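Inspection log for the structure reproduced underneath, given as C-alpha cells.
All values derive from a computational prediction rather than experimental measurement.
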Amino acid sequence: MERFQWLKIAVLLWLFTIAGARELQVKHMELQIKQSDHGPVYNHTLAKILVEYASAVYMSDLTELFTWTCSRCDDMIREFEVLELIVDVQHCLQAFVGYAKDLNAVVIAFRGTQEHSIQNWVEDLFWKQLDLNYPGMPDAMVHHGFYSAYHNTTIRPCLLNAVRRAKRLYGDIPIMVTGHSMGGAMASFCALDLSVNFDGPCEVQLMTFGQPRIGNSVFASYFSQHVPNTIRVTHAHDMVPHLPPYYTYFPQKTYHHFPREVWIYNVGLESLVYVAEKICDASGEDPSCSRSVMGNSITDHLSYYGIQLQAETWGSCRIVNSNLNNYGVKDLRGNIVLSRDPTTTPYSAIVLNSEIGIQSASAV
C-alpha cells in the first residue's frame with residue numbers, strides 16, 4: 001500500500017514537471033512567434049471570451065439574444081450591446097454584430113452548422129471539392145458553399161452596414177470576428193472581406209473554433225497576408241478541422257488550412273489529466289498539432305474550453321421571435337434583421353411576448 005502511495009506521488013510530480021516545462025515551452029513559442037514573424041500571440045483569456053460569443057449565437061430565441069438576456073450571455077460576455085442581429089431564414093444562417101465594453105471592440109459572431117444531422121454534414125464534407133475561383137486572386141480556389149453562405153445571402157450587406165454604424169458610434173476600434181464549425185468558415189470570409197474590401201481601414205482579428213478548411217494553399221497564403229491576426233483553435237480529435245481532406249502529395253490541388261492553429265488537448269493518464277495548449281507552426285498544416293491524431297470525434301467538435309457549441313435542438317432551423325417589429329424588418333423570404341441604436345434605444349424598451357417557429361433547410 002505504501003509503495004502504491006509513493007507511486008502516485010511520483011506520477012503527480014512527473015505530470016507537474018511536464019506541465020511546467022510545457023508552459024515554459026508555450027511561453028517561449030509565443031515569444032518566438034511575436035519576434036520572428038509578427039504573427040498573432042495566443043491569448044487564453046481572449047479565447048475563452050470569444051468562444052462564449054460563438055456559443056451565444058446558436059441561441060434560437062431572438063428576443064433573448066437581441067436583448068442579451070440569454071442563458072449563454074451572463075458569464076465573461078455580460079458587458080455586450082447587440083447592434084444588429086441577422087437571420088437568413090432561407091439558408092438557416094445567423095450572425096450578430098455588437099460592442100464589447102470590456103474588450104473595447106466590435107464583435108461579430110456567426111452561428112455554426114444547424115443540421116438535421118451533424119453526422120450527415122460531416123460525411124458530406126469528405127466529398128467537397130475546390131469549386132470556386134476566389135475573385136481577384138489567380139489560382140486561389142475556395143469551397144463554393146462556405147463562400148456563398150457569407151457572400152451571397154442576406155448576411156453580408158446587413159453585416160457591413162452594422163460595422164459602418166459601429167464605427168460611427170465607437171470610432172476605429174478593433175473588430176473581432178468569431179464562429180464555430182461552419183460559422184468559423186463564414187467568419188473567415190468575413191474577416192478577409194473587411195480587411196480587403198471594406199470602405200476604410202479596419203483592424204481585424206479572427207479567432208475560430210473547430211473550423212473546416214475553406215480553400216487551397218494559394219488562398220491560405222493570400223489570407224494570411226491580409227488577415228495576419230488570425231487564430232484557429234482546434235480541440236483534441238475534433239473531426240471537422242480535418243475536413244475537407246488535405247492530401248500531402250497534392251498541396252496545390254487540395255484544401256489547405258491558413259495559419260495559425262492552436263491545438264488544445266488532454267495530457268496525462270486516467271484521472272491525472274490536464275489540458276495543454278500548443279501553438280503550432282506558420283504552415284497552417286503543422287503535422288505535430290491536430291493532424292498528429294485521428295479526427296474521429298464529434299463530441300470534441302461540440303465542446304471547446306468546456307463551452308457547448310451547438311443549438312438547443314437540431315430538428316430544424318427553429319427561431320423563436322418575440323414582438324420586435326419596432327427594431328427590425330422582415331423581407332419577402334422571411335429573413336429577419338433586428339437593429340438597435342444604443343444611444344436612443346435601451347433594452348428595457350423592448351417588449352417581450354409572442355413566439356413563432358420557422359422551418360428552413362441548411363446552406364451547405
Side-chain angles (χ1 to χ4, degrees), residues 51 54 58 91-93 110-132 134 140-150 178-192 206-220 223-224 230-265 278 280 283-304 309-311 314 362-364:
V51 78
Y58 274 104
H91 302 101
C92 197
L93 303 172
F110 292 85
R111 186 173 66 185
T113 313
Q114 177 79 351
E115 285 279 342
H116 294 287
S117 169
I118 192 171
Q119 181 72 48
N120 291 342
W121 180 77
V122 166
E123 290 174 359
D124 189 46
L125 277 182
F126 275 103
W127 310 107
K128 291 294 181 183
Q129 300 297 311
L130 291 160
D131 52 8
L132 182 69
Y134 190 80
M141 298 194 72
V142 295
H143 181 290
H144 178 270
F146 294 147
Y147 177 91
S148 296
Y150 171 71
T178 190
H180 165 252
S181 193
M182 177 180 165
M186 294 178 65
S188 299
F189 282 116
C190 173
L192 182 59
L206 173 69
M207 185 177 292
T208 67
F209 306 92
Q211 175 194 323
R213 297 182 178 98
I214 63 173
N216 64 358
S217 60
V218 176
F219 175 78
F223 187 97
S224 60
T230 293
I231 293 288
R232 290 184 302 101
V233 183
T234 59
H235 178 210
H237 293 259
D238 181 350
M239 61 173 49
V240 172
H242 293 255
L243 300 172
Y246 170 81
Y247 300 109
T248 307
Y249 298 104
F250 304 99
Q252 299 301 318
K253 302 295 183 181
T254 188
Y255 282 94
H256 192 292
H257 273 306
F258 50 75
R260 180 171 309 265
E261 177 187 3
V262 171
W263 183 39
I264 54 178
Y265 60 101
K278 180 171 183 179
C280 309
S283 70
E285 295 288 349
D286 189 336
S288 67
C289 286
S290 64
R291 281 187 55 205
S292 67
V293 299
M294 293 291 293
N296 56 7
S297 174
I298 289 179
T299 301
D300 288 346
H301 180 61
L302 299 178
S303 177
Y304 275 68
L309 291 155
Q310 58 183 317
W314 292 95
S362 172
V364 179

Checklist entry - Have Ser181 and His301 got a donor and an acceptor in their side chains that come within less than 3.5 Å? => result yes
Checklist entry - Any idea how Trp263 and Tyr265 line up, ring-wise: parallel (<30°), tilted (30 to 60°), or perpendicular (>60°)? => result parallel
Item to check | Donor-acceptor contact present, side-chain Ser224 to main-chain Pro259, <3.5 Å | outcome: no
Next on the checklist: Check whether Arg213 reaches the backbone of His242 with its side chain - one donor and one acceptor, N or O, closer than 3.5 Å.
Outcome noted: yes
Checklist entry - Going by heavy atoms in the side chains, are Phe209 and Asp238 under 4.5 Å from each other? => result no
Checklist entry - Considering only heavy atoms from C-beta outward, does the side chain of Ser188 approach that of Phe146 to under 4.5 Å? => result no
Checklist entry - Do any N or O atoms from the side chain of Tyr147 and from the backbone of Tyr134 form a donor-acceptor pair under 3.5 angstrom? => result no
Next on the checklist: I'd like to know if the side chain of Glu261 and the backbone of Ser290 have a donor-acceptor N/O pair within less than 3.5 Å.
Outcome noted: yes
Next on the checklist: Between Thr208 and Gln211 (side chain of the first, backbone of the second, donor and acceptor by atom type, cut-off under 3.5 Å), is there such a pair?
Outcome noted: no
Item to check | Backbone of Gln129 reached by a side-chain donor or acceptor of Tyr255 within 3.5 Å | outcome: yes
Checklist entry - Is Thr230 reaching over with its side chain to a backbone N or O of Leu206, donor-acceptor style, under 3.5 angstrom? => result no
Item to check | Validation row: Ser288, Lys278 side chains within 4.5 angstrom (heavy atoms) | outcome: yes
Checklist entry - Is there a donor-acceptor contact under 3.5 Å from the side chain of His91 to the main chain of Ala149? => result no
Next on the checklist: Check for me whether the distance between the ring centres of Phe189 and Tyr150 falls short of 6.0 Å.
Outcome noted: no
